[in-house]
Amino acid sequence: MNRIAIAGLLIVCSTTPAVTAQRKAAKPKPGVPDVQVPFGSLKPSATFKIGETADWVLVIDDAVWVAGTKPYSVQRIDPATNTVVAKVRLSGEACSGLAFGFGSVWVPVCGDKPSLARVDALTNRIIAVLPIAPASPEGGITASRDSVWMVTDRDGATLSRIDPATNTVRQRISIPAGSYNPLSSDGMVWITGFDKSVLTAVDASSGKVLASIPVGPKPRFLTSGGGSVWTLNQGDGSVTRIDANNLKVTATIALGIPGPGGDIDYGADSVWATIFDLPLTRMDGRTNEVVRQWVGQSGDSLRFGYNCIWLTDYHRGLLLRIPYEATRQR
């Protein structure tokens, strides 16, 4: 994803030009040279023009959703036909991830009045705008069996549990300050603590904080799979692997992709990561080996689904559909 965490949401939501300038001035990423090939060697099976920019991807059972700007929107893609079937206009920029649950797509929105939009996945219409603001434009949102979860205070110290039946906050949970990105997985909610370099585990039933686990520097985005939770650490571009059962770090893998933005997901027994100029990295989720890294001008957000990688090219406003089989060619 493309945002840089700033303490105050009101400041954050007005800084897009400065953030873009900082991206363009970013230092080259070292990556893992021994496994690098040109990104141009990957041939997408479909390319979608989303807007001036494209960011935040969500894959569900019958659709792929992606956020864009100019216009501010979330767009629904039918993966069976590779067509955009709906474009839902927003009052501001989709700024802190996308989540699906309770028949809805949940979209944190930045702008003059930061909020949380709820989009009905059957009608593709906004059915509620909640006066609940995301803490950071580079944060996240997630849904568990009975709730939607988002960090909502400017210090990144409060995890809000939202009741989808009433569209109100039913519980507020204190977490380490500087935590912004939650992920629901197997009865737990995991939150990366960017400022303190920790991963916090919360019981999704009770809301009880179970542990805060030291991980790599400045963890931001995270995913789960293979019995583990994986954090993408913006401080040094590494990935930390945490055993989801015993809450212990089992590996730290150097990917060489430090800096703001980026994303991570799990699919086909692999961990997939993206960041500007190193738009795709594949790591074996069983051995922790970095298998391949594609170098080029693309990247920023991704998800694995329908046996494909759905990857944004933020600056060109594109979403690329890349078949998994294409990534296995050496």
Side-chain angles (χ1 to χ4, degrees), residues 1-2 23-50 53-57 59 64 66 79 82 216 220-223 225-226 228 230-241 251-330:
M1 288 73 170
N2 63 299
R23 285 194 215 101
K24 292 180 179 179
K27 295 180 179 179
K29 310 296 186 297
V32 183
D34 290 347
V35 297
Q36 290 180 352
V37 295
F39 182 68
S41 64
L42 285 178
K43 304 304 180 184
S45 60
T47 300
F48 307 87
K49 179 62 175 176
I50 302 302
T53 64
D55 195 14
W56 310 111
V57 184
V59 175
V64 175
V66 59
N82 284 332
R220 176 67 70 178
F221 301 107
L222 69 167
T223 189
S228 300
W230 312 74
T231 68
L232 178 58
N233 308 314
Q234 292 182 336
D236 64 0
S238 66
V239 167
T240 301
R241 180 175 188 169
T252 298
I253 304 98
L255 268 60
I257 53 173
D263 203 359
I264 188 170
D265 200 22
Y266 190 95
D269 295 321
S270 299
V271 176
W272 307 87
T274 179
I275 199 165
F276 295 115
D277 301 325
L278 284 171
L280 190 60
T281 298
R282 180 187 173 196
M283 188 174 71
D284 190 308
R286 296 159 295 191
T287 66
N288 301 331
E289 176 192 5
V290 181
V291 177
R292 181 68 75 213
Q293 198 165 59
W294 289 267
V295 181
Q297 295 183 344
S298 187
D300 188 36
S301 179
L302 63 72
R303 285 294 180 267
F304 189 95
Y306 303 99
N307 211 36
C308 295
I309 299 96
W310 302 81
L311 175 71
T312 63
D313 183 330
Y314 176 84
H315 292 298
R316 293 195 293 165
L318 302 177
L319 176 67
L320 311 178
R321 179 177 186 168
I322 301 171
Y324 167 60
E325 288 301 322
T327 70
R328 303 178 66 183
Q329 300 171 6
R330 293 180 177 266

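Owing to the predicted nature of the structure, the values given are computational and were not obtained by experimental measurement. Residue indices begin at 1 and follow the sequence shown.
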(request) Return the orientation label for the Phe221 and Trp56 ring planes: parallel under 30°, perpendicular over 60°, tilted otherwise. (result) perpendicular

(request) State whether the side chain of Asn233 and the backbone N or O of Gly235 hold a donor-acceptor pair below 3.5 Å, judged by distance alone. (result) no

(message) Less than 4.5 Å apart, side chain to side chain, heavy atoms only: is that true for Val35 and Val291?
(response) no

(request) Measure across Leu255 and Ala273 and return the closest heavy-atom pair with its distance rounded to 0.1 Å. (result) CD2-CB, 3.9 Å

(message) Any non-hydrogen side-chain atom of Lys29 less than 4.5 Å from a side-chain atom of Pro258?
(response) yes

(request) With side chain to side chain donor-acceptor pair (under 3.5 Å) as the test, would you mind laying out the steps for Thr312 and Asp300 before giving the verdict? (result) CA-CA 6 Å; Thr312 63; Asp300 188 36; 4.9 Å; no

(request) Output the distance between atom CG (Asn288) and atom OG (Ser228), rounded to the nearest 0.5 Å. (result) 8.0 Å

(message) Between Arg220 and Thr231, is there a side-chain heavy-atom distance shorter than 4.5 Å?
(response) no

(message) Quick one: does any side-chain atom of Arg241 pair with a main-chain N or O of Gly285 as donor and acceptor, under 3.5 Å?
(response) yes

(message) Please check: side-chain N/O of Trp272 versus main-chain N/O of Gly267, any donor-acceptor pairing under 3.5 Å?
(response) yes

(request) Check Leu278 against Gln36 and note the closest heavy-atom contact, atom names and distance. (result) CD2-NE2, 4.0 Å

(request) Starting at CD1 of Ile309, measure out to CG of Asp265 and round the result to the nearest 0.5 Å. (result) 10.0 Å

Atom pairs and distances, side-chain donor-acceptor, residues 317-326, under 3.5 Å, sequence neighbours left out:
{"from": "Arg321", "atom 1": "NH1", "to": "Pro79", "atom 2": "O", "distance (Å)": "2.8"}
{"from": "Arg321", "atom 1": "NH1", "to": "Asn82", "atom 2": "OD1", "distance (Å)": "2.7"}
{"from": "Tyr324", "atom 1": "OH", "to": "Arg282", "atom 2": "NH2", "distance (Å)": "3.3"}
{"from": "Glu325", "atom 1": "OE2", "to": "Arg328", "atom 2": "NH1", "distance (Å)": "3.4"}

(request) Ignoring hydrogens and angles, state whether a donor on the side chain of Asp284 or Ser270 is under 3.5 Å from an acceptor on the partner side chain. (result) no

(message) I'd like to check Phe276 versus His315 (side-chain heavy atoms, cut-off strictly below 4.5 Å). Are they in contact?
(response) yes

(request) State the OH-CE distance between Tyr266 and Met283, to the nearest 0.5 angstrom. (result) 9.0 Å

(request) Quick one: pull up OG1 in Thr223 and CG in Asp263 and give me the separation to the nearest 0.5 Å. (result) 8.5 Å

(request) Kindly write out the residues that satisfy side-chain contact (heavy atoms from CB on, under 4.5 Å) with Val37, not counting sequence neighbours, or none if the list is empty. (result) Ser41, Arg292, Trp294

(request) Return yes if some donor-acceptor pair links the side-chain N/O of Trp310 with the main-chain N/O of Phe304 below 3.5 Å, else return no. (result) no

(message) Just verifying a value: how many Å separate Leu302 CG and Ile264 CD1, rounded to the nearest 0.5 Å?
(response) 8.5 Å

(request) Go through the steps to decide whether Thr327 and Leu42 satisfy the test side chain to side chain contact (heavy atoms under 4.5 Å, CB included), and finish with yes or no. (result) CA-CA 7 Å; Thr327 70; Leu42 285 178; 4.2 Å; yes

(message) So Val59 and Tyr306, do their side chains get closer than 4.5 Å, heavy atoms only?
(response) yes

(request) To the nearest 0.5 Å, tell me how far Arg316 CZ sits from Ser298 OG. (result) 6.5 Å

(request) Taking all non-hydrogen atoms of both residues into account, name the closest pair between Thr47 and Pro44 and its distance. (result) OG1-CB, 4.0 Å

